[in-house]
2 protein chains.
Amino acid sequence: MAESSEVAEVLARFEELAVLEAEFEDVELEIIRKSNTLNVPLWKKRADIVAKIPHFWTLVFEQVPPELENFLQPSDNKVFEALQTVEVSRFDIDNPDGSPRSFSIKFGFSDNEYFENKELEKKFWYRVSKDGWEGHVSEPVKINWKKGKDLTEGLTDAAYKLAQSRSKLGNGLSPAASLKKQSGLPEYKTLAAKIEESTEASLSFFTWFGFVSSFRYVSAEESAEAIKDELARLEKLKRGEKPDEEEDDDEESDVDFQETEVFPQGDVCATLIAEDVWPSALRYYKAAHEADDEDLSELDVDDMMEDDSDEEVDIRGLVGKGRKASDSPPSKKRRNA
Amino acid sequence: MAESSEVAEVLARFEELAVLEAEFEDVELEIIRKSNTLNVPLWKKRADIVAKIPHFWTLVFEQVPPELENFLQPSDNKVFEALQTVEVSRFDIDNPDGSPRSFSIKFGFSDNEYFENKELEKKFWYRVSKDGWEGHVSEPVKINWKKGKDLTEGLTDAAYKLAQSRSKLGNGLSPAASLKKQSGLPEYKTLAAKIEESTEASLSFFTWFGFVSSFRYVSAEESAEAIKDELARLEKLKRGEKPDEEEDDDEESDVDFQETEVFPQGDVCATLIAEDVWPSALRYYKAAHEADDEDLSELDVDDMMEDDSDEEVDIRGLVGKGRKASDSPPSKKRRNA
């Protein structure tokens, strides 16, 4: 039968493709490392320069693309006015047990009426689960909200408390057993109930600090084991052997971790900040100055060079403006690689 | 005045930022070169393997993300069934007068009822205009449509004819003068009229082969001069000198090149193919097999390894299916870097 020999032919290719995919992945990681090495000194230089530019990051965040803007609420604007520094780093780039895909995003704030923290740092670890998922997981960050000023209505606090209790459950449990045990915690029930009653439509961006995973929490131990298993499987494939049957420790869990996830798509949001806003911050900053108002065009770099007019330009005035309801990215040029 | 000294401080930083931006750009180009060097051997290997997998690229294009899917019409489906090979290359990567951002996309087709061409190759040159725009420009590709089968209703032919006449206008004209001269060509008027009467909503993807620019055509000569001017300006800035005032050869042109552009956003579409579909083709192919239908899950790689059931799987059946009306990307994992 022509059909089934065609299928056999295709199947014979799947093993080759699995090996090839692993090679592509190695190249991608090497590129991330190389890119980081070359860019780190420039990001340092940039930080030194923009430290002297008032409201640099506030203006950048006013110009972010719509995919990210969707995660920001008008009520967040005033907090972003206190945003002074942003720093993205690949903290595990040289760690053989970590992934170059892991990153941390650190925000620095001036005194503000919302929270006490001067700095909020959120880490994202790239992990692989034993059931084949891979992606970024995080841990909730404690925000010390001032009284009556919690924009997340208790969600970040509740997420933080659950994570603390979860960490005390200990390792060695299977993912399903761990999930089951978590779901018995009082903090789990409190958070799940809080999420169910909250009106997600107006979720503050700062709820993102409570994000854990768009799948479920995957521990460093589980990820290390999953990667070891995958490498062993690939080695067998390369030698032309049949890989072992995977043990199906599929104790199915009926616990849906997402009922305690305070910020769905928090990993997508983080990736947009780390891989778009961070590397392209200068472009977004320039876009802020090229923004609609003709009378602000004096701030354009080239014009600056050409005339010495000392008209007063109120940079602070720019900051107060509402988020632009732009439905297209600010500047087309330079968006293509 | 606090305000104006703050402004002066900011202005002093703009020159530093301009120099820094150029350094970021150099790093980006180095990364593109490095990535190309490492990936080219893997892409060759992939081409060898997928040549033995029927309908590989057809299935890939059924799984592309919505941004790209928007450019594809149901009427294009049958042509995509004849798609056999795709090849993206950075043809100017080692050319000091070219840009590593330039790329070519080459499609190979089996015999089909639509056109005679076995191969359609479209090149995108990354260029800088004298008035500050930068991006990809292209030249229309001639598609030899079979009688009564032109999905673009004459648009690709008309775009090709205008480009031929444009190329005979000769160099040495200023951009504005060249635009003006073009707009006098009969081919210009014909194309502009054709576009105005066409119903853009159902524009075939193949009209993309007629794309020229989302700005205006920028010649290699203009781009070389613009880059030379910019480098000279940067050198002055680095030495702390004031750059020359830019000559304002702003003979404004009242010709809108876009009235002859057959495929708005053709550069965006090309970049999605070159930088998403091409590098991630294996992932999209796998997504095709993980597609909704449970009864097709036998094709999943891991399952294949585990059981030797020789149930018949009709791969061709997959191809015949209409484009999936998915409004979210096929597979979340691996979309984050």
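Convention: sequence-line order gives letters A, B, ...; per-chain numbering from 1. Not measured: the values here are computed from a predicted model.
- Proximity of Lys34(A) to Glu30(B): side-chain heavy atoms (C-beta onward) are separated by under 4.5 Å at one or more points.
- Per-residue heavy-atom pair counts under 4.5 Å with chain B were compared for Phe56(A), Phe24(A), Phe215(A), and the maximum is reached by Phe24(A).
- Nearest heavy atom pair, residue Leu42(B) against residue Val27(A), reads CD1-CG2, 3.6 Å.
- Here the rule is side-chain hydrogen bond (donor to acceptor under 3.5 Å, both in side chains) with Glu21(A), and of Lys286(B), Arg283(B), Arg46(B) only Lys286(B) fits it.
- Partner of Arg13(B) under the side-chain contact (heavy atoms from CB on, under 4.5 Å) criterion, out of Asp48(A), Val50(A), Ile49(A): Ile49(A) alone.
- The CD1 atom of Ile31(A) lies 6.5 Å from the CG atom of Asn39(B); values are rounded to the nearest 0.5 Å.
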